[in-house]
Amino acid sequence: HMHPLMTAACLVALAACSGETSEAAQPQTEQSEPVEMAEQAAPDPASEPEIGDRVPEPEDNSIAAQSARDAELAERGITEIGWEELMPEGGEERIAEMYQAQMARLYSGGGIAEGSAADQAIQIGTFNVVEDMDGMKVRLPGYTVPFDYGSEAEISEFLLVPYYGACLHAPPPPPNQTVFVETADKIKLRDLSQAVWIEGTLRTKRQNSSLADAAYTIEMTGWEIYEY
């Protein structure tokens, strides 16, 4: 299940991301009533993703089904994209080299002391983006990472990542594989193990937060449960 870069990241990072919510992560006030993003029955434990699992392929991913979905999205001016499209050419090879170099530094000294600066989840990667995608109206699947973890928390900003558990139980993805999502209408994230489709305008706008830094921002206009 686990992506090669995720495997390398897990070897580098020895603890989950943590920290106080940054100023940028505070929900805005005077919003409309919150929308509950994933109000549903308790998930089947057998179907829940494991830490590091990437968003799976939809079951109904035939050519005909994909063509019909693309046509419906095209009518609304939206393009369905995958995470690999956010990575500039040669970016994945560069990140693999950075992970290898980081691992060599960490393990050359005979181990890592608990509580030391190295004993934390490390975000490795670059802010290099695909500039041509700025301003595109897109539809992207992923897992949500809120800045406020309360079950009744109403949020207007959160992170979207390509694999489950990122920043909570696993290291954050590279910045150009992390998307900062802004929404005018507050929502409630009921189930973080449930992948979702996010629609909105993609911006090559850098955002920094206590959980992870993001090279992209999506101004969200809609969402739906990702069925797989």
Side-chain angles (χ1 to χ4, degrees), residues 5-6 9-10 12-31 34-35 37-38 51-52 54-55 83 86-88 91 95 98-99 102 117-130 133-134 138 140-196 198-221 223:
L5 293 182
M6 180 59 216
C10 285
V12 172
L14 304 179
C17 305
S18 62
E20 297 299 319
T21 304
S22 67
E23 181 178 349
Q26 298 296 334
Q28 299 176 10
T29 57
E30 298 182 6
Q31 295 281 354
V35 178
M37 178 166 274
I51 302 302
R54 292 179 72 84
V55 177
W83 287 93
L86 299 179
M87 184 80 73
I95 292 171
M98 294 173 73
Y99 277 131
Q102 182 70 29
D119 183 23
Q120 59 181 325
I122 302 169
Q123 185 176 29
I124 291 178
T126 73
F127 285 88
N128 297 340
V129 296
V130 182
M133 300 188 76
D134 186 59
V138 301
L140 176 68
Y143 292 100
T144 57
V145 183
F147 296 104
D148 188 336
Y149 305 104
S151 61
E152 296 299 316
E154 301 170 5
I155 64 173
S156 56
E157 298 172 331
F158 58 93
L159 297 180
L160 189 72
V161 293
Y163 56 82
Y164 176 58
C167 304
L168 302 178
H169 309 293
N176 55 16
Q177 293 288 280
T178 304
V179 175
F180 189 94
V181 181
E182 303 172 323
T183 173
D185 298 320
K186 289 184 179 180
I187 58 175
K188 290 183 180 180
L189 298 178
R190 290 287 190 180
D191 182 7
L192 301 187
S193 67
Q194 172 64 64
V196 297
I198 296 295
E199 292 184 4
T201 302
L202 183 69
R203 302 291 184 188
T204 53
K205 177 183 176 183
R206 176 173 176 167
Q207 298 275 9
N208 301 97
S209 77
S210 59
L211 294 178
D213 296 334
Y216 292 95
T217 298
I218 287 181
E219 298 163 358
M220 192 182 89
T221 56
W223 66 274

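Quick note: numbers below take in every heavy atom, side chains included, and nothing from hydrogens, waters or symmetry partners.
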Here the gap from Glu182 atom CD to Thr217 atom OG1, rounded to the nearest 0.5 Å, amounts to 5.5 Å

Between Pro172 and Gln123 the two heavy atoms that sit nearest each other are CG-CB, 3.4 Å

Derivation of the side chain to side chain contact (heavy atoms under 4.5 Å, CB included) call for Arg54 and Trp83 = CA-CA 10 Å; Arg54 292 179 72 84; Trp83 287 93; 3.9 Å; yes

How close do Thr221 and Gly200 get, heavy atom to heavy atom, and via which atoms?
-> OG1-CA, 3.6 Å

Backbone of Val130 reached by a side-chain donor or acceptor of Tyr216 within 3.5 Å | yes

With no hydrogens and no angle check, do the side chains of Asn128 and Asn176 hold a donor and an acceptor under 3.5 Å apart?
-> no

So CH2 of Trp223 and CG of Leu160: to nearest 0.5 Å the spacing works out to 13.0 Å

Which one of Leu192, Asp191, Ile187, Val161 satisfies the side-chain contact (heavy atoms from CB on, under 4.5 Å) criterion with Thr144?
-> Leu192

In sequence, state the C-alpha distance, the side-chain angles, and the governing distance for Met133 and Leu86, and then conclude on side chain to side chain contact (heavy atoms under 4.5 Å, CB included).
-> CA-CA 8 Å; Met133 300 188 76; Leu86 299 179; 4.0 Å; yes

Nearest heavy-atom contact between Leu159 and Phe180 is CD2-CD1, 3.8 Å

Rounded distance [0.5 Å steps], SG in Cys167 versus OH in Tyr143 | 14.5 Å

Side chains of Val179 and Leu140 in contact at under 4.5 Å (non-hydrogen atoms) = yes

What pair of heavy atoms forms the shortest contact from Phe158 to Ile198, and how long is it?
-> CZ-CD1, 4.0 Å

Minimum heavy-atom separation for Asp148 to Ile155, with atom names?
-> CB-CG2, 4.3 Å

Rounded to the nearest 0.5 Å, how far apart are OG1 of Thr178 and CD of Gln207?
-> 12.0 Å

Shortest non-hydrogen contact from Met220 to Val181?
-> CB-CG1, 3.7 Å

Under the side chain to side chain contact (heavy atoms under 4.5 Å, CB included) rule, what do Ile51 and Leu168 come out as? Steps first, then yes or no, please.
-> CA-CA 10 Å; Ile51 302 302; Leu168 302 178; over 6 Å; no

Answer with yes or no whether the side chains of Asp185 and Thr183 bring together a donor and an acceptor at under 3.5 Å.
-> no

Any side-chain heavy-atom pair of Val55 and Tyr163 under 4.5 Å = no

Kindly compute the distance separating NZ (Lys186) from CD (Glu157), expressed to the nearest 0.5 Å.
-> 10.5 Å

